[in-house]
Number of protein chains: 2
Amino acid sequence: MGTGIDLPLDQVMVGDCLDMLRQLPPASVHAIFADPPYNLQLKGSLVRPEGGRVDGVDDAWDRFDSFPAYDAFTRAWLTECRRVLRKDGTIWVIGAYHNVFRLGTALQDLGYWILNDVVWRKSNPMPNFRGRRFTNAHETMIWASRGPESRYKFNYAAMKSLNDDVQMRSDWLIPLCTGAERLRDEDGKKVHPTQKPEALLHRVILSCTSPGEVVLDPFMGSGTTAAVAKRLGRRFIGIERDETYAAAAQARIDAITPMPESAALSLPAKREQPRVPFGTLVERGLVPAGSRLVDRHRRWKAEVGADGTLRCGKAVGSIHKVGAAVQEAPSCNGWLFWHVEHPNGSLRLLDELRAEIAGS
Amino acid sequence: MGTGIDLPLDQVMVGDCLDMLRQLPPASVHAIFADPPYNLQLKGSLVRPEGGRVDGVDDAWDRFDSFPAYDAFTRAWLTECRRVLRKDGTIWVIGAYHNVFRLGTALQDLGYWILNDVVWRKSNPMPNFRGRRFTNAHETMIWASRGPESRYKFNYAAMKSLNDDVQMRSDWLIPLCTGAERLRDEDGKKVHPTQKPEALLHRVILSCTSPGEVVLDPFMGSGTTAAVAKRLGRRFIGIERDETYAAAAQARIDAITPMPESAALSLPAKREQPRVPFGTLVERGLVPAGSRLVDRHRRWKAEVGADGTLRCGKAVGSIHKVGAAVQEAPSCNGWLFWHVEHPNGSLRLLDELRAEIAGS
DNA sequence: CGTCACAGTGAATCTAAAG
DNA sequence: GCTTTAGATTCACTGTGAC
C-alpha cells in the first residue's frame with residue numbers, strides 16, 4: 001500500500017471526529033463508511049397505540065439547532081474525509097429523509113461524484129403507529145467517488161455472484177439488526193440506538209474494497225463497520241467520541257476471527273484475469289495461420305494471418321478491428337464475434353478457445 | 001372548496017412554469033406533483049453490449065450550467081408552488097440521485113415539512129451496461145406538507161387496502177411506462193423521454209386527495225398526472241412549456257373517462273415473489289463465508305466465499321455451477337444438492353435454510 | 001391459434017491498460 | 001499528462017414474424 005506508515009490501523013480512536021480525522025495523513029484510506037447523526041428534531045415523545053413509549057433517538061449527539069448548523073458540521077467532516085480518502089477511494093454515507101438530502105447536497109458541493117444512491121429496504125421496519133404517513137421502511141445510502149474522473153474500484157463480479165448471477169440493483173432488502181447480533185448491556189438495554197446490521201456492511205465493504213485495504217468509519221458507534229471489515233480480512237480505522245460506545249465496539253471487534261483469505265477473495269472479474277493475445281492462439285496452432293474464421297451467422301469469412309491479423313476483403317487488422325469494419329460498427333469485441341468452424345460444421349467461439357488455454 | 005373562482009381547472013396552461021404559477025391565486029390547490037428536469041449531465045454516448053445505442057435524455061430542457069443555477073431554478077418554482085398550495089395541501093417531488101438531494105434541501109430550506117421519502121422501485125430498469133455501478137433501479141419521491149404544523153390529508157385506509165391490508169410502505173414496486181401506455185408518434189418514437197407510469201400517479205393522487213380536489217403539475221410533460229387525476233375524479237391544472245408535449249397531453253386527457261369512485265380503490269397489487277439469492281444467506285451469517293458445504297453423502301466439500309461463490313478443487317462459481325462440476329453433470333440445483341453440516345454431525349439442506357428467511 | 005426465436009428498449013452522470 | 005487500442009459489458013418485458 002505504501003501510505004500506511006502513520007495509520008492507526010485496526011484501532012478505535014476515541015475522540016471528536018474532526019480532531020481525529022485531522023490526525024490522519026492525506027489520501028490514505030480506500031473506503032469510508034459514515035453513519036452521521038440524523039438531525040431528527042423529534043418533538044416530545046412518541047407513544048405506541050398500546051401505551052408503551054417508543055425508544056426513539058433523542059441522544060444529545062443527535063440534536064442540532066438548525067439546518068445551517070447541521071450543514072456546517074456536515075461539510076466539515078466531509079471535507080476532512082475527502083482529504084483522507086485515496087484518489088481511487090469511495091465513500092458511503094447513510095441517512096434518512098431528515099438528513100440525507102443535506103448529505104447528498106454537501107457531497108456534490110464538495111466535489112464528490114455520486115455513483116449510486118442505494119436504498120436499504122428494511123424487511124421488518126417499525127410501523128407508523130399513528131397512521132399519518134407511509135411506513136418508513138427504508139434508509140438511503142449514497143455511494144460516491146472522490147471526483148468525476150476517479151478510477152474507483154467496484155467489485156462487479158462479486159456483487160453479481162451475491163445476487164444469483166444477475167446485476168446487483170440499487171435496492172437492497174436486509175433486516176434490521178435484532179436478536180443475538182444486537183449489542184445489549186447487562187440490563188438488556190441496547191448499547192447503541194442505531195446499530196446497523198452486519199449484512200449491510202458486508203455488501204458495502206465487499207463491493208468496493210479488496211482484502212488488506214483500509215476502511216474508515218468516522219462515526220463508528222457500536223462498531224459494525226470495523227467488525228465486518230475485520231471478518232472480511234480488511235483493515236479498519238474507527239473514530240468514536242463516546243467512550244461507552246468505543247469500549248463496546250472494541251470488545252465486539254476483539255471477539256471476531258477473520259475468515260480464511262480464500263473466502264474473502266472474491267471471484268476475479270474477467271477484466272482482471274491475465275490476457276491472452278489472439279496471436280497466442282495462432283502460435284499454438286489452435287487457430288492455424290491460413291485458416292478461416294466466421295461470425296455466428298456465417299455472413300462473413302476472414303482469413304487468419306501468421307501474425308495474428310485477420311483479412312476480410314479490404315479490412316485488415318486485429319480481430320476487433322475487422323469485426324467492427326465488416327459490421328460497420330464503431331467497435332467490436334472480436335473474441336465474442338468470430339468463430340472457428342469445425343469440419344463437422346459446428347462453431348466454436350474464440351472466447352471459449354481462449355478460456356481453455358488461460359493459465360497454461 | 002371556495003377558492004376555485006379564478007382557477008383554470010382541467011386545463012393545460014402552455015407556457016413557462018414560473019410565469020404560469022404566478023397567475024394562480026394563493027392557497028388554491030390541494031396537491032402538487034412535480035417532475036422537474038433531472039440535470040443528468042450526460043457526456044458522450046453509451047453503447048450497449050450488443051452494439052445498439054442508448055437513447056438517452058439530451059434535451060435542452062435538462063441542461064443547466066451548474067449546481068447553483070439548478071438550485072436557483074429549483075428554489076424559484078418551489079417558492080411559487082408553496083404560495084399556490086393550500087395550508088392543508090401536500091407536494092410530491094420526484095428525482096434521481098443527480099438532483100433529488102438538491103430538491104430535498106430546497107424543500108426543507110423553504111419551510112416545507114418532509115413527511116416521507118418514497119422509493120419507486122422499477123421492476124424492469126435498464127441495466128448498467130458497463131458493469132461499473134449498481135443497476136440504477138429506482139427513483140425517489142419526496143412527499144412534504146406546507147410546513148411542520150400542517151393538517152395535511154393522508155388516506156391511510158385507502159393505502160392500506162391497496163396493499164393487501166397492511167400499511168403501505170415507503171418503497172413501491174411499479175414497472176416502467178412501456179407498451180400501449182407509452183405515448184408514441186406516427187413513427188413509433190416516444191413522444192416524451194421520461195413519461196411516468198400511471199400506476200405511480202394513481203397511488204400518489206389516491207394517497208393525499210379526495211374526489212373533486214385540485215391537483216397541480218407544474219412540469220406536466222406527457223400528462224400522466226392530469227390523465228390519472230381525471231380518471232380518479234379529481235380536478236387538475238397542468239403547466240407545460242413545450243407545445244408538442246402539451247398537445248399530446250391534451251389529446252391523451254380528452255380520451256379519458258373518469259371512473260366511478262367505487263372503482264378507484266382497486267389496483268392490482270403486484271405480489272412480490274420472494275427470491276432469495278444464495279449470497280443473502282452468506283451476508284446474513286446463516287452460511288458464513290469461510291464455512292464448508294457438503295453433499296448428501298459427504299462425498300464433496302466446498303468452501304463458501306464472501307461473495308456467495310463456492311470453491312471445490314478447481315471448480316469455482318455459484319452453488320449450481322460447482323454442484324454440476326463436481327458431479328460432472330450438465331446442470332444441478334445447488335439448493336437441493338448442498339448441505340450445511342452442524343457440529344453435531346447433522347445435515348441441513350440449503351433449500352430449508354432459504355425457506356426460513358424467504359420474505360424477511 | 002400457439003409456440004418459439006429474435007429484435008428492440010427504458011431519466012444512464014457506464015472502461016482500462018498500454019504506449 | 002496525453003492518445004490509442006484492446007476488449008468487457010445487460011435485465012425485464014414487449015412486439016413481430018416464422019413455423
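When reading the values below, keep in mind they use all heavy atoms of this one structure, side chains included, and skip hydrogens, waters and symmetry mates. Chain letters run A, B, ... following the sequence lines, proteins first and then strands; every chain starts at 1.
- The side chain of B:Arg184 contributes an N or O atom lying less than 4.0 Å from OP1 or OP2 of C:dG10.
- Across all strands shown, C:dT13 has no partner, as no Watson-Crick or G-U wobble contact with both distances under 3.5 Å is found.
- Positionally, the nearest nucleotide of DNA chain D for A:Arg151 lies more toward the 5' end than for the other of A:Arg151 and B:Gly179.
- Atom OH of B:Tyr38 is separated from atom C1' of C:dA12 by 13 Å (rounded to the nearest Å).
- Under the Watson-Crick or G-U wobble criterion, with both distances below 3.5 Å, C:dA7 is paired with D:dT14.
- Remark: A:Arg296 is not in phosphate contact with C:dC6, judged by side-chain N or O atoms under 4.0 Å from OP1 or OP2.
- Using a 4.0 Å heavy-atom distance criterion, B:Pro197 is classed as making no nucleic acid contact.
- Summarising the geometry, atom OG belonging to A:Ser145 is positioned 14.0 Å from atom CZ belonging to A:Arg86; distances are rounded to the nearest 0.5 Å.
- Looking at heavy-atom distances under 4.0 Å, B:Arg48 makes contact with a base.
- Between the CE atom of B:Met126 and the C1' atom of C:dG10 there is a distance of 5 Å, rounded to whole Å.
- Within the cation-pi definition used here (under 6.0 Å to the ring centroid, within 45° of the axis), B:Arg132 qualifies as a partner of A:Tyr152.
- With hydrogens and angles ignored, no donor-acceptor pair closer than 3.5 Å exists between the side chain of B:Arg130 and the base of D:dT10.
- Residue A:His320 has a polar side-chain atom (N or O) positioned under 4.0 Å from OP1 or OP2 of D:dG7.
- Evaluation of atom-type donor-acceptor distances gives no pair under 3.5 Å for the side chain of A:Arg354 against the base of D:dG7.
- Side-chain to base pairing of B:Lys190 with C:dA11: no donor and acceptor N or O lie closer than 3.5 Å to each other.
- Residue B:Arg182 is in sugar-phosphate contact alone, with no base atom involved, counting any heavy-atom pair closer than 4.0 Å across all strands shown.
- Aromatic ring centres of B:Phe219 and B:Trp61 lie farther apart than the 6.0 Å criterion allows.
- Using a 4.0 Å heavy-atom cutoff across all strands shown, B:Gly56 reaches at least one base atom of the nucleic acid.
- One atom, CD of B:Glu181, and another, P of D:dC13, lie 15 Å apart when rounded to the nearest Å.
- On a pure distance criterion of 3.5 Å, a polar donor-acceptor pair joins the side chain of B:Asp35 and the base of C:dA11.
- Annotation: cation-pi pair B:Arg121/B:Trp172 absent, no NZ/CZ under 6.0 Å from the ring centroid and within 45° of its normal.
- Among the atoms of the strands shown, only primed sugar atoms or phosphate atoms (P, OP1, OP2) are found under 4.0 Å from some heavy atom of A:Arg271.
- The nucleotide whose nearest atom lies closest to any side-chain atom of B:Pro49 is, among C:dT15, D:dT10, C:dT13, D:dT10.
- Ring-plane geometry between B:Phe64 and B:Tyr70 is classed as perpendicular, the angle between the planes exceeding 60 degrees on a 0 to 90 degree scale with a lower cut at 30.
- For the C1' atom pair drawn from C:dC14 and D:dC2, the interatomic distance equals 22 Å after rounding to whole Å.
- Contact annotation for A:Leu336: base contact, defined as any heavy-atom pair under 4.0 Å involving a base atom.
- Taking a pair to require two hydrogen-bonding distances under 3.5 Å in either a Watson-Crick or a G-U wobble arrangement, D:dG7 remains unpaired.
- Both geometric conditions, a ring-centre gap below 5.5 Å and a plane tilt below 30°, are not fulfilled together for B:Tyr97 over the base of C:dT13.
- Remark: P of C:dA16 and NZ of A:Lys153 are 12 Å apart, rounded to the nearest angstrom.
- Contact annotation: side chain of B:Asn136 to base of C:dA12, donor-acceptor pair absent below 3.5 Å.
- Spacing between D:dC13 and C:dT13 at atom C1', rounded to whole Å, works out to 25 Å.
- Spacing between D:dG7 and C:dA12 at atom P, rounded to whole Å, works out to 30 Å.
- With a 6.0 Å cutoff to the six-membered ring centre and a 45° limit on the axis angle, A:Lys87 does not count as a cation-pi contact of A:Trp113.
- Under a cutoff of 6.0 Å and an axis angle of 45°, B:Arg102 and B:Phe67 form a cation-pi pair.
- Of the candidate nucleotides C:dA11, D:dA8, D:dT10, D:dA8 has the atom lying nearest to any side-chain atom of A:Asn333.
- A:Ser318 comes within 4.0 angstrom of the backbone, heavy atoms only, and of no base.
- The distance from atom NZ of B:Lys196 to atom P of C:dG10 is 13 Å, rounded to the nearest whole Å.
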Steps toward ring-ring contact (aromatic ring centres under 6.0 Å, His included) verdict (A:Trp143, A:Phe154): CA-CA 11 Å; A:Trp143 181 45; A:Phe154 177 52; 5.4 Å; yes
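- For C:dA16 and D:dT10, the P atoms lie 15 Å apart once the distance is rounded to whole Å.
- Under 4.0 angstrom from either OP1 or OP2 of D:dT10 there lies at least one side-chain N or O belonging to A:Tyr156.
- Heavy-atom distances to DNA chain C give each of B:Phe129 and B:Pro37 a nearest nucleotide, and the one nearer the 5′ end belongs to B:Pro37.
- As judged by a 4.0 angstrom heavy-atom cut-off over every strand, B:Val54 is placed among the base-contacting residues.
- Contacts of B:Gly44 with the nucleic acid, taken as non-hydrogen atoms under 4.0 Å apart, include base atoms.
- Spacing between C:dA18 and D:dA8 at atom P, rounded to whole Å, works out to 13 Å.
- Within 4.0 Å (heavy atoms only), A:Pro277 reaches no atom of the nucleic acid at all.
- In this structure, D:dT14 is classed as anti because its glycosidic torsion departs from zero by more than 90°.
- Heavy-atom distances to DNA chain C give each of B:Ser45 and B:Arg132 a nearest nucleotide, and the one nearer the 5′ end belongs to B:Ser45.
- B:Tyr245 has its ring centre less than 6.0 Å from the ring centre of B:His192.
- To the nearest angstrom, C1' of D:dC11 lies 7 Å from CD of A:Gln167.
- Nucleotide C:dC14 holds its P atom 10 Å from the CD atom of B:Gln41, rounded to whole Å.
- Within the 4.0 Å cut-off from OP1 or OP2 of D:dT10, at least one side-chain nitrogen or oxygen of A:Lys160 is found.
- Whole-Å rounding puts the B:Leu42 CG to C:dG10 C1' distance at 13 Å.
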